[in-house]
*Asks:* 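Submitted below is the structure of interest, expressed as structure tokens.
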Amino acid sequence: QVQLVESGGGLVQAGGSLRLSCVASGRTFSKNAMGWFRQAPGKEREFIAAISWSDGSTAYADSVKGRFTISRDKAKNTVYLQMNSLKPEDTAVYSCAADARKAPYTRVAPSTRIDEYDYWGQGIQVTVSS
């Protein structure tokens, strides 16, 4: 069984910063990538950022480009999301997810598609006050 556990969420004022962490544990598996997604009340889940587990290449949604940075620590099986210059519209439940490699295929670029992620964390609340 695979578990993804997020931490680091909370309440912050507009313009502030938060750093989210997501640790993968349980059954060992090869990853193509790990990603961050968010869902605001009344809206669908949306892609935020993803990072290739092998070469560290990244992808970002336009709405967060230049403000958010995704990174990984392979030794700790952890992915991070540094969020700067937060805005009230960033308020949402943030979830991390893992795209498992299905041998013999390897996805070269980190996927931005929700349906290509196999394992999901429970999510963590981020609230940005104005």
Side-chain angles (χ1 to χ4, degrees):
Q1 187 176 359
V2 174
Q3 286 187 316
L4 302 181
V5 179
E6 302 97 340
S7 62
L11 173 65
V12 65
Q13 287 190 328
S17 298
L18 282 175
R19 188 194 195 206
L20 303 183
S21 301
C22 172
V23 181
S25 63
R27 181 175 61 83
T28 301
F29 65 103
S30 295
K31 306 177 194 61
N32 288 315
M34 290 191 72
W36 286 96
F37 299 79
R38 69 186 181 189
Q39 187 167 20
K43 295 188 176 181
E44 295 198 351
R45 180 178 282 174
E46 64 173 345
F47 166 77
I48 295 300
I51 186 165
S52 167
W53 206 248
S54 58
D55 67 6
S57 58
T58 57
Y60 294 94
D62 288 343
S63 59
V64 305
K65 208 171 288 185
R67 300 189 298 124
F68 291 10
T69 303
I70 189 171
S71 60
R72 76 202 185 320
D73 185 328
K74 297 174 73 173
K76 295 182 179 179
N77 227 11
T78 299
V79 64
Y80 305 97
L81 185 68
Q82 178 66 42
M83 306 186 292
N84 298 329
S85 302
L86 283 160
K87 305 174 182 180
E89 51 264 44
D90 293 317
T91 295
V93 174
Y94 285 69
S95 300
C96 69
D99 172 11
R101 179 175 176 264
K102 289 86 175 174
Y105 307 105
T106 299
R107 207 185 314 281
V108 176
S111 175
T112 63
R113 290 176 48 172
I114 291 172
D115 63 355
E116 290 184 339
Y117 284 80
D118 305 283
Y119 303 107
W120 291 82
Q122 293 272 54
I124 193 165
Q125 179 69 44
V126 170
T127 303
V128 184
S129 64
S130 56

*Asks:* Below 4.5 Å, heavy atoms only, C-beta onward: do S54 and R101 meet side chain to side chain?
*Replies:* no
*Asks:* Taking atom NZ as the centre, does K76 end up with more than 12 heavy-atom neighbours from other residues, nucleotides or ligands that are less than 6.0 angstrom away?
*Replies:* no
*Asks:* Could you report the tightest heavy-atom contact between S85 and S17, atom names first, then the distance?
*Replies:* N-OG, 4.4 Å
*Asks:* Looking only at heavy atoms, which two atoms of A59 and T112 are closest? And how far apart?
*Replies:* CB-CG2, 4.1 Å
*Asks:* Assess whether a salt bridge exists between D90 and R38, defined as any Lys/Arg side-chain N lying under 4.0 Å from an Asp/Glu carboxylate O.
*Replies:* yes
*Asks:* Using 0.5 Å steps for rounding, measure from the CD atom of Q13 to the OG atom of S130.
*Replies:* 9.5 Å
*Asks:* Work out which heavy atom in A14 is nearest to a heavy atom in P88; give both atom names and the distance.
*Replies:* CB-CD, 4.1 Å
*Asks:* Is it the case that the side chain of K74 and the backbone of R72 share a donor-acceptor pair, with hydrogens and angles ignored and the cut-off at 3.5 Å?
*Replies:* no
*Asks:* Please check if the number of heavy atoms outside Q122 that lie under 6.0 Å from its CD is greater than 12.
*Replies:* no
*Asks:* For a side-chain contact (heavy atoms from CB on, under 4.5 Å) check, start with the C-alpha distance between R113 and D99, then their side-chain angles and the critical distance, and finish with the verdict.
*Replies:* CA-CA 10 Å; R113 290 176 48 172; D99 172 11; over 6 Å; no
*Asks:* Going by side-chain heavy atoms closer than 4.5 Å, which hydrophobic residues are tied to V12, directly or by a chain of links?
*Replies:* V2, L4, L18, L20, F29, M34, W36, I48, I51, W53, Y60, V64, F68, I70, V79, L81, M83, L86, Y94, Y119, I124, V126, V128
*Asks:* Using a 4.5 Å cut-off on heavy atoms from C-beta on, say whether the side chain of I114 contacts that of E44.
*Replies:* no
*Asks:* What residues, two or more places apart in sequence or in another chain, satisfy salt bridge (charged side-chain N to carboxylate O under 4.0 Å, His left out) together with R19?
*Replies:* none
*Asks:* What I'd like to find out is whether the side chain of E89 reaches to under 4.5 Å of the side chain of S63, using heavy atoms alone.
*Replies:* no
*Asks:* Would you confirm whether Y117, through its side chain, and S111, through its main-chain N or O, come within 3.5 Å as a donor-acceptor pair?
*Replies:* yes
*Asks:* Is the ring pair F37/F47 parallel, tilted or perpendicular, if the boundaries are 30 and 60 degrees?
*Replies:* perpendicular
*Asks:* Evaluate the side-chain proximity of E116 to N32: yes if any heavy-atom separation is below 4.5 Å, no if none is.
*Replies:* no
*Asks:* Give me the other members of the hydrophobic cluster that L11 sits in, counting Ile, Leu, Val, Met, Phe, Trp and Tyr linked by side-chain heavy atoms under 4.5 Å, directly or via other members.
*Replies:* none
*Asks:* Just by modelled atom types, is the A24 backbone N or O under 3.5 Å from a matching donor or acceptor in the N77 side chain?
*Replies:* yes
*Asks:* If you look at every heavy atom in Q125 and A92, which pair is closest and at what distance?
*Replies:* NE2-O, 3.4 Å
*Asks:* Can you name the closest pair of heavy atoms from S95 and R45 and give their distance?
*Replies:* OG-NH2, 4.2 Å
